[in-house]
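Below you'll find the structure, written out as structure tokens, and then a few comments.
Note that the structure is predicted; figures quoted are calculated from it, not measured. Each chain gets a letter, A, B and so on, in the order its sequence line appears, and its residues count up from 1.
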2 protein chains.
Amino acid sequence: MANDNDRPAVGVHPTGDMLNAHLLAMLQGWSAYGYELVQRLNEAGFGEYNKGSVYRALRQLEQTGLVDSIWDTSTAGPARRMYQLTQAGILFLENWLALLDMHRALIGQFIDAAAPLQGAPTRAADRERRGRGDGSR
Amino acid sequence: MANDNDRPAVGVHPTGDMLNAHLLAMLQGWSAYGYELVQRLNEAGFGEYNKGSVYRALRQLEQTGLVDSIWDTSTAGPARRMYQLTQAGILFLENWLALLDMHRALIGQFIDAAAPLQGAPTRAADRERRGRGDGSR
DNA sequence: ACACCTAGGTGCAATATGCATATAGCTAGC
DNA sequence: GCTAGCTATATGCATATTGCACCTAGGTGT
């Protein structure tokens, strides 16, 4: 059953709200640019981040107003688009964090309780548990 | 700036791994069917779940082997496809939970620390902070 | 017959995503 | 000067996901 290879890949390529949250998280307290963010996130071990998706996500976050950017030409090499959080971005992160905690609570409520479900639930037990046992019809 | 109306909607329509995790979470300890899950999730206040997406997600979770299903014709009304977690599904949830905790740690590391970033970071401070202050070229 | 509720499912346009590729600044070697 | 290679951003395109509207079908009440 499900070894490490065919086990469904969870969060291999962070996308959507997850990706946004990670990008914003990396911008907390300082600014950074796309290329740097891709590298730091890939090194962080949360998954393999796609360059194209990251660049597009950053532009979209800027359009949404969660970050803003300026060109940085002070260093050698190609110009860097430096992003920093806006107030809206900070609020977004706070919202996201609250949601994440709710999610964790929902998901962890049984697993944390010493997982009494190892044998998989019986369907008969379900009906009793929720008091719908009107199998008589 | 950014009132409750134009604030970017975070997690309004849970999708992807998030949706999968929520569905699996609702199946912990008992079985349930799609229609019921949509209702319970929508009442839970985590967002507005899309019927079509939920049904498709459930079928896909079954294909992946995280849940399995049987038809339940014991109750009145249309038959219900009852889902229950598989062992792989339980493992998935445990993995997801671990990832979620890492995410939370990443995202919350600065916000939790009394948010000293209310004024938004200065870009000059960044360079000093990361010791790249070679503005002289 | 008809309206209405439950329950699952599908078609399709719009959006999001992964991968490959393009553009461009700069450095090192010859 | 020319080429190769690294940094840095961006886009084209085929595929995958998603939201919404709609469909099928069983059952109940009038």
Side-chain angles (χ1 to χ4, degrees), chain A residues 8-23 26 31-43 46-64 67-83 132 134-135 137, chain B residues 8-23 26 31-43 46-64 67-83 132 134 136-137:
Chain A
V10 35
V12 174
H13 284 162
T15 61
D17 285 333
M18 282 289 186
L19 174 56
N20 287 337
H22 289 174
L23 292 175
M26 301 296 281
S31 53
Y33 56 100
Y35 191 87
E36 177 188 16
L37 289 168
V38 173
Q39 287 189 318
R40 292 207 291 171
L41 285 170
N42 279 334
E43 287 162 7
F46 289 96
E48 297 167 23
Y49 294 77
N50 180 270
K51 265 162 46 82
S53 296
V54 167
Y55 280 119
R56 272 185 290 221
L58 285 170
R59 303 307 298 275
Q60 197 183 324
L61 287 174
E62 187 170 18
Q63 275 196 321
T64 317
V67 301
D68 57 13
S69 73
I70 54 170
W71 283 105
D72 177 10
T73 55
S74 69
T75 56
R80 298 163 172 177
R81 189 186 285 275
M82 300 297 291
Y83 290 95
R132 281 197 193 182
D134 59 323
R137 52 161 268 91
Chain B
V10 35
V12 174
H13 285 161
T15 62
D17 285 332
M18 281 289 187
L19 174 56
N20 287 336
H22 289 173
L23 292 175
M26 301 297 280
S31 55
Y33 55 101
Y35 192 88
E36 178 188 15
L37 288 169
V38 172
Q39 288 190 318
R40 291 206 293 170
L41 284 171
N42 279 332
E43 286 163 6
F46 290 97
E48 297 167 23
Y49 293 77
N50 180 269
K51 261 164 46 83
S53 296
V54 167
Y55 280 120
R56 272 184 292 221
L58 285 170
R59 304 306 298 274
Q60 196 182 326
L61 286 173
E62 186 170 19
Q63 275 196 321
T64 318
V67 300
D68 56 13
S69 74
I70 55 170
W71 282 104
D72 176 9
T73 56
S74 68
T75 56
R80 299 165 171 176
R81 189 187 284 275
M82 300 296 291
Y83 289 96
R132 281 201 191 178
D134 57 323
S136 61
R137 56 156 266 91

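Summarising the geometry, the separation between CG on B/Asp72 and C1' on D/dG27 is reported as 15 Å, rounded to the nearest angstrom. For the pair A/Tyr83 OH and D/dA8 C1', the interatomic distance rounds to 11 Å; values are reported in whole Å. Atom CG in B/Asn50 sits roughly 14 Å away from atom C1' in C/dT15 (whole-Å rounding). Counting to the nearest Å, the C1' atom of C/dA7 and the CG atom of B/Leu58 are 13 Å from each other. A straight line from CZ of B/Arg59 to C1' of D/dT17 spans 17 Å, rounded to a whole angstrom. In this structure, B/Arg80 places its CZ atom 17 Å from C1' of C/dG9, rounding to the nearest Å. Between B/Tyr35 atom OH and D/dC23 atom P there is a gap of 18 Å when expressed in whole angstrom units. Going from atom OH of B/Tyr49 over to atom P of C/dA7 covers 20 Å, rounded to whole Å.
Within the 3.5 Å criterion, the main-chain N or O of B/Tyr49 finds a donor-acceptor partner in the side chain of B/Asn42. For the pair B/Glu36 (side chain) and B/Tyr33 (backbone), a donor-acceptor distance under 3.5 Å is present.
Positionally, the nearest nucleotide of DNA chain C for B/Gly52 lies more toward the 5' end than for the other of B/Gly52 and A/Lys51. Take the nearest nucleotide of DNA chain C for A/Ala79 and for A/Arg56: the residue whose nucleotide is more 5' is A/Arg56.
For the pair A/Ser53 and C/dG18, the criterion of a side-chain N or O lying under 4.0 Å from OP1 or OP2 is met. A/His13 has a side-chain polar atom (N or O) that falls below the 4.0 Å cut-off from OP1 or OP2 of C/dG18. In this structure, B/Arg81 does not reach the C/dG8 phosphate: none of its side-chain N or O atoms is under 4.0 Å from OP1 or OP2.
Note: B/Arg59 CZ to B/Ser69 OG = 6.5 Å, rounded to the nearest 0.5 Å.
For A/Tyr55, counting side-chain heavy atoms from C-beta on, the closest listed nucleotide (D/dC20, D/dA8, C/dG18) is D/dA8. Minimum atom distance to the side chain of B/Pro78 is reached by D/dG26, of the listed D/dT9, C/dG8, D/dG26. Checking C/dG8, C/dA7, D/dT9 against the side-chain heavy atoms of A/Tyr33 singles out D/dT9 as nearest.
The heavy-atom pair separating B/Leu23 from B/Ala57 by the smallest distance is CD1-CB, 3.7 Å.
Using a 4.0 Å heavy-atom cutoff across all strands shown, B/Gly34 reaches sugar-phosphate atoms only and no base atom.
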Review point. Under the side-chain contact (heavy atoms from CB on, under 4.5 Å) criterion, do B/Glu62 and B/Arg81 qualify, and how do the steps go?
Key: CA-CA 11 Å; B/Glu62 186 170 19; B/Arg81 189 187 284 275; 4.1 Å; yes
